[in-house]
J.: 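A single structure is presented below for examination.
For ligands, and for the atoms within them, numbers begin at 1 and follow the listed sequence. Computed from a predicted structure; not experimentally measured.
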Amino acid sequence: MLTAQDIKKKVGEQAAQFIRQGMTAGIGTGSTAYWLIMALGEKVKAGLDIRCVPTSTHTARLAREQGIPLAELNDVDSIDITIDGADEIDPQGNLIKGGGGALLQEKMVAAASRELVIIADHTKLVDHLGAFPLPVEVITFGWKQVQRFIEQRYGVSSQLRLKDGQPLLTDHGHYILDAHFNQIIDPAALNTALNTLPGVVDNGLFIGMATQFVIGYPDGTVKTLPASRPSTAE
Ligand code: 5RP
């Protein structure tokens, strides 16, 4: 049986095959995307000519260390493919992302991409989104009003995300509220409703954005699944 790290490494390395000569690729953030970046670094050293749009400053640094050529989102017309991790994947292929705090840039890069390939281990496949706390990125001004609204409207508590005892500041200078929905009945409606709330910059629901899934299992199997209905069944 593979360890969790081994599974992440396997799916990250396998997904690196999707990025081919001459492509502009979005590269994700997190412990699974780490292995994608390592594999891409090797390929670049071996002659693969690509440019990558990073989804966070952390990913940008890692990629730079590996010698991967980078581009700003503003400097590309479109992105051929983005490969990124996820915190939860429902049977319709909707996602919760943002466990690493990079949801805003991740969603912008994904939105500019023709394909979004999600790399994850099988534990990320769920019947309903929401057991993983939904990250809601808010501006720092008046954030408690947003927290109060979420509590009143949905009966859901949320916590300001902290790092080393201080509010975590995202790459773009915002806070994150982690909202405990437990079970999200209508992810598309919630995504729209949250994003119309003054003070909300974006939230971690990715609705209908993923085009493919690369899912790893403890027995070493890696399955490539289409956009809809990734199954929780082994
Ligand atoms: C970062 C993300 C990550 O993709 C998500 O948290 C999954 O991370 P990991 O691969 O470490 O489980 O959305 O904002």
J.: May I ask whether Ala86 has any heavy atom positioned less than 4.0 angstrom from an atom of ligand 1?
T.: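 Right, Ala86 reaches ligand 1.
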J.: In ligand 1, which numbered atoms sit nearer than 4.0 Å to a non-hydrogen atom of Gly85?
T.: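 Near Gly85, the atoms of ligand 1 are 4 (O).
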J.: Who's closest to atom 13 (O) of ligand 1 heavy-atom-wise, of Ala120, Gly100, Gly98?
T.: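 It is Gly98 that holds the nearest heavy atom.
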J.: Answer yes if the side chains of His172 and Glu137 hold a donor-acceptor pair under 3.5 Å, and no otherwise.
T.: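 Absent: no donor and acceptor within the cut-off.
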J.: Is the contact between Asp84 and ligand 1 made by the side chain, the backbone, both, or neither, using heavy atoms and a 4.0 Å cut-off?
T.: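 The part of Asp84 near ligand 1 is the side chain, not the backbone.
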J.: Between Lys124 and Glu88, is there a side-chain N and carboxylate O pair less than 4.0 Å apart?
T.: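 Salt bridge between Lys124 and Glu88, a charged N being under 4.0 Å from a carboxylate O: no.
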J.: Using a 4.0 Å cutoff against the non-hydrogen atoms of Gly99, which atoms of ligand 1 qualify?
T.: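 Selected atoms, number and element: 6 (O), 13 (O), 14 (O).
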J.: Within a distance under 4.0 Å of any heavy atom of Asp87, pick out the atoms of ligand 1 and give their elements.
T.: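 Going through ligand 1 atom by atom, the ones under 4.0 Å from Asp87 are 5 (C), 6 (O), 7 (C), 13 (O).
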J.: Is the closest side-chain heavy-atom distance between Leu116 and Gln212 below 4.5 Å?
T.: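 No. Closest side-chain heavy atoms not under 4.5 Å.
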J.: Taking N or O atoms only and a 3.5 Å limit, does Ala102 qualify as a polar contact for ligand 1?
T.: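 Ala102 vs ligand 1: N/O contact under 3.5 Å present.
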J.: Taking 4.0 angstrom as the limit and counting only heavy atoms of Thr29, give me the atoms of ligand 1 inside it, by number and element.
T.: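 What qualifies from ligand 1 is 1 (C), 2 (C), 3 (C), 4 (O).
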J.: Run the salt-bridge test on Lys97 and Asp87 with the 4.0 Å N-O cut-off and return the result as yes or no.
T.: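 Salt bridge absent between Lys97 and Asp87.
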J.: In terms of atom number and element, which parts of ligand 1 are under 4.0 angstrom from non-hydrogen atoms of Lys8?
T.: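 Near Lys8, the atoms of ligand 1 are 12 (O).
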J.: Please compare Lys97, Lys124, Glu106 and report which has the shortest non-hydrogen distance to atom 14 (O) of ligand 1.
T.: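 Result: the heavy atom closest to atom 14 (O) of ligand 1 is in Glu106.
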J.: Would you check if there is a donor-acceptor pair between the side chains of Thr57 and Asp171 at a distance under 3.5 Å?
T.: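 There is such a pair (donor and acceptor under 3.5 Å, judged by atom type) between the side chains of Asp171 and Thr57.
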J.: Are side-chain N/O atoms of Thr82 and Asp84 paired as donor and acceptor at under 3.5 Å?
T.: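 Not at all, the side chains of Thr82 and Asp84 share no donor-acceptor pair under 3.5 Å.
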